[in-house]
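Let me begin by handing over the structure; questions about it come next.
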Amino acid sequence: MHIPDGFLNTATVATTMVISAGGVGVAARMAGKEMEEKKVPLMGVLGAFVFAGQMLNFPIGIGTSGHLVGAALMSILLGPWSAALVMSLVIIIQCFIFQDGGLLALGANILNMSLIASFSSYFIYRLSGRAFGHLPRGNLIGVFLAAWSSVVLASAACALELGFSGVVPLGVALPAITGVHALIGIGEGLITAVVISFVRAVRPDLIKSRVEMVR
Amino acid sequence: MIPSDYSGEDISRRLDPRAKLLVTIALIFSLVLLPKDSFPVYGLYLLLIITFILLSHLLLIPVLKRSLVVMPFVLLVAVFLPFVSEGEVIFQRDLGFIMIEVTDMGLGTFIGVLLKSWLSVLALSWLVMSTGFINLVKGLEGLKVPRLFTTLLLFIYRYIFVIFDEAVRLRQAMESRSFGSLWLKVKATGSILGVLFIRSYERGERVYQAMLARGYDGQLKGLKSNEFGLADTCFVSFSLVGIALVSLVSLL
């Protein structure tokens, strides 16, 4: 889903850059509140965790493998602002170290995989908390839906950006890209649900959104 | 897996990272503006980037190799381009359930976009390999990227290797013990990610406390930034003129 340079036109590059720069700026300020203190080192190590987690491929059958994106996981564990900040930095590093995702496409990639993914998963998690209750099983359904929709919505945004840039007709790109990611999202949803249920069993105090629930 | 930092002493090391960042951004920006079908101009861009690479005393082959690593992923994004554009059909095949049509415009867009991406990746590879990540972050700071971001970038970079080693150890342990159905594998992967998260979180807290104990007050003391000297000004101006000339050719 990393958009390389050369796919987006100038208008899309500029628009997404402005939105992302603003969004990440606000996220940086809000993350400070979310993490209670200026825990820069903690955020840094967790960014490295997302990075390492993304490199752990797991088999999804028929000889292919997938990996975690992690926006929903971070959003549920740390809160959406911290998640958006950490994910944005991970995307920037991926661009510089692996050249995965373009330099001028950074705005679009941050918008899709960090801002949209973190916030959509957070809101869907909260909404489904109301729908299914906060008991373990209902809660895990919420986690699954949050992670699944974060992947699908991010890919839809990616398709829209490619469509607006005129590289592909929107009518083809949107269903094709979103359709593929509706499948990929299932893996993300399952893994995220397993990770959350594991953390909840071992260190329930680390789940930020759970602490809010108890309050 | 992670390409190691380039650590050599040469002309590009002496250039300010800001200068190289500015030139790279300008170059990729002009590539984005380029009409997709101006193929001869792509050759000129290639020459320009190769000049940068050779000026930096980097070996050409490793940089080219590195720029190709990410291309399969680019191809993945671009693979459906030839089939979906308007234009004259130049290839047609009925696969039974779907009719595949390749159009001339679609093929042109496909090749143009791939070349644009590859040249951008090549420029970025040159930037990173001739600068090194830490100097690059220094450059970003020099370009007024907020201190919080640059500090976090350095932190993440510092701990990627630590956490990744931990992840590899966990996965080895998992693979030597867990086998069976797909669901079991998903559960095992989820659990090791959970362990990895908890260990990372606890490590982060320990690092934070260790820093507090040494007088950390939420502000990292700044990196010493380089001087933007005459050589940098020359490099930036000559490069910008080069990029401008190359893009003017596309208008002819």
Side-chain angles (χ1 to χ4, degrees), chain A residues 2-10 13 24-25 28 37-49 51-53 55-56 58-61 68 73 77 85 89-90 92-93 95-100 102-104 167-169 172-173 176 187 190-191 193-195 197-199 202-203 206, chain B residues 1-3 24-25 28-29 31-33 67 69-70 73-74 77 80-81 84-85 109 113 116-117 120-121 124-125 128 133 136 146 148-149 151-153 155-160 162-164 166-167 171 182 185-187 189-191 193-194 196-198 200-201 203-205 207-208 211 218:
Chain A
H2 287 84
I3 304 176
D5 278 323
F7 284 70
L8 302 177
N9 64 6
T10 327
V13 165
V24 175
E37 287 179 78
K38 285 189 174 173
K39 290 190 176 175
V40 174
L42 181 56
M43 303 274 282
V45 177
L46 290 177
F49 159 75
F51 215 107
M55 288 199 272
L56 275 189
F58 54 86
I60 49 174
L68 197 69
L73 182 67
L77 289 171
L85 181 59
L89 291 161
V90 168
I92 293 174
I93 294 186
C95 166
F96 279 132
I97 298 188
F98 295 122
Q99 285 83 51
D100 196 5
L103 187 64
L104 288 178
V167 265
V168 280
V172 182
L190 286 178
I191 293 278
V194 176
V195 177
S197 72
F198 182 90
V199 175
V202 183
R203 286 287 303 270
L206 293 190
Chain B
M1 243 175 122
I2 298 173
T24 311
I25 293 172
I28 298 180
F29 193 68
L31 262 174
V32 168
L33 288 175
S67 72
V69 170
V70 77
F73 298 100
V74 176
V77 185
F80 51 90
L81 291 184
V84 294
S85 296
T109 314
V113 160
K116 270 188 186 189
S117 307
S120 308
V121 168
L124 213 52
S125 304
V128 178
F133 186 77
L136 207 57
L148 175 69
F149 293 118
T151 312
L152 273 171
L153 285 175
F155 255 108
I156 296 177
Y157 186 70
R158 163 70 180 77
Y159 282 98
I160 285 171
V162 178
I163 308 285
F164 186 65
E166 185 119 46
R171 189 176 54 182
L182 190 62
K185 277 184 188 147
V186 169
K187 265 179 85 170
T189 310
S191 306
L193 279 171
L196 195 65
F197 172 76
I198 291 169
S200 307
Y201 198 99
R203 186 189 293 274
E205 282 178 333
V207 171
Y208 173 58
M211 287 170 70

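Order of the sequence lines fixes the chain letters, A, B, ..., with proteins taken first and strands second; residue numbering starts at 1 for each chain.
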>> Report which part of A:I92 has an atom under 4.5 Å of a heavy atom belonging to chain B: side chain, backbone, both, or neither.
In response: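 Contact with chain B involves the side chain of A:I92 alone.
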> Can you list the steps and then say if A:L46 with B:Y159 is a side-chain contact (heavy atoms from CB on, under 4.5 Å)?
Replying inline: CA-CA 9 Å; A:L46 290 177; B:Y159 282 98; over 6 Å; no
> By a 4.5 Å heavy-atom criterion (distance strictly below it), what part of A:I3 contacts chain B: side chain, backbone, both, or neither?
Replying inline: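 Neither part.
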>> Less than 4.5 Å apart, side chain to side chain, heavy atoms only: is that true for B:S120 and A:L103?
In response: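 No, their side chains stay 4.5 Å or more apart.
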> Given the rule in the side-chain contact (heavy atoms from CB on, under 4.5 Å) test, do B:V70 and A:F98 qualify, once you have shown the distances and angles that lead to the verdict?
Replying inline: CA-CA 7 Å; B:V70 77; A:F98 295 122; 5.7 Å; no
> So, for B:I163 and A:A52, which heavy atoms are closest and what is the spacing to 0.1 Å?
Replying inline: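 Answer, listing the atom of B:I163 first, then A:A52: CG2-CB, 3.8 Å.
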> What part of B:L31 gets closer than 4.5 Å to chain A, counting heavy atoms only: side chain, backbone, both or neither?
Replying inline: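 Neither part.
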> To the nearest 0.5 Å, how far apart are CZ in B:F197 and CG in A:L77?
Replying inline: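 Interatomic distance, B:F197 CZ to A:L77 CG, rounded to 0.5 Å: 4.0 Å.
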> Between CG of A:D5 and NZ of B:K116, what distance do you get to the nearest 0.5 Å?
Replying inline: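 Separation between the atoms: 10.0 Å.
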> Can you say whether B:V74 sits under 4.5 Å from chain A via the side chain, the backbone, both, or neither, judging by heavy atoms?
Replying inline: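 Its backbone and side chain both get close to chain A.
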> In Å and rounded to the nearest 0.5 Å, what is the CD1 to OH distance from A:I97 to B:Y157?
Replying inline: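 That separation rounds to 5.0 Å.
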> If you count heavy-atom pairs under 4.5 Å between each of B:V121, B:L153, B:V32 and chain A, which one has the most?
Replying inline: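 Top option by heavy-atom pairs under 4.5 Å: B:L153.
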> What are the two closest heavy atoms between B:V128 and A:F96, and how far apart are they?
Replying inline: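 Closest approach of B:V128 to A:F96, heavy atoms only: CG2-O, 3.0 Å.
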>> With heavy-atom distances below 4.5 Å as the criterion, would you say the side chains of A:L89 and B:F149 are in contact?
In response: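 Answer yes - side chains close enough.
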>> Looking at every heavy atom in both A:P41 and B:G204, which two are closest together, and how far apart are they?
In response: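 Shortest heavy-atom separation between A:P41 and B:G204 comes out as CB-O, 4.4 Å.
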>> Quick check for you: to the nearest 0.5 Å, what is the distance between A:F51 atom CZ and B:I156 atom CD1?
In response: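 Separation between the atoms: 8.5 Å.
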>> Which heavy atom of B:K187 sits nearest to which heavy atom of A:V194, and what is that distance?
In response: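 Between these two residues, the closest heavy atoms are O-CG1, 3.5 Å.
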> So, for B:F29 and A:T10, which heavy atoms are closest and what is the spacing to 0.1 Å?
Replying inline: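 It is CZ-CG2, 3.7 Å.
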>> So which residue, B:T24, B:I198, B:V207, B:L148, ends up with the most heavy-atom pairs under 4.5 Å with chain A?
In response: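 Ranked by heavy-atom pairs under 4.5 Å with chain A, first place is B:I198.
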> Is the shortest heavy-atom distance from the side chain of B:F133 to the side chain of A:I93 under 4.5 Å?
Replying inline: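 Of all side-chain heavy-atom pairs linking A:I93 with B:F133, at least one is under 4.5 Å.
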>> Below 4.5 Å, heavy-atom pairs only: which of A:V24, A:L73, A:V90 has the largest tally toward chain B?
In response: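 So the answer, after comparing A:V24, A:L73, A:V90, is A:V24.
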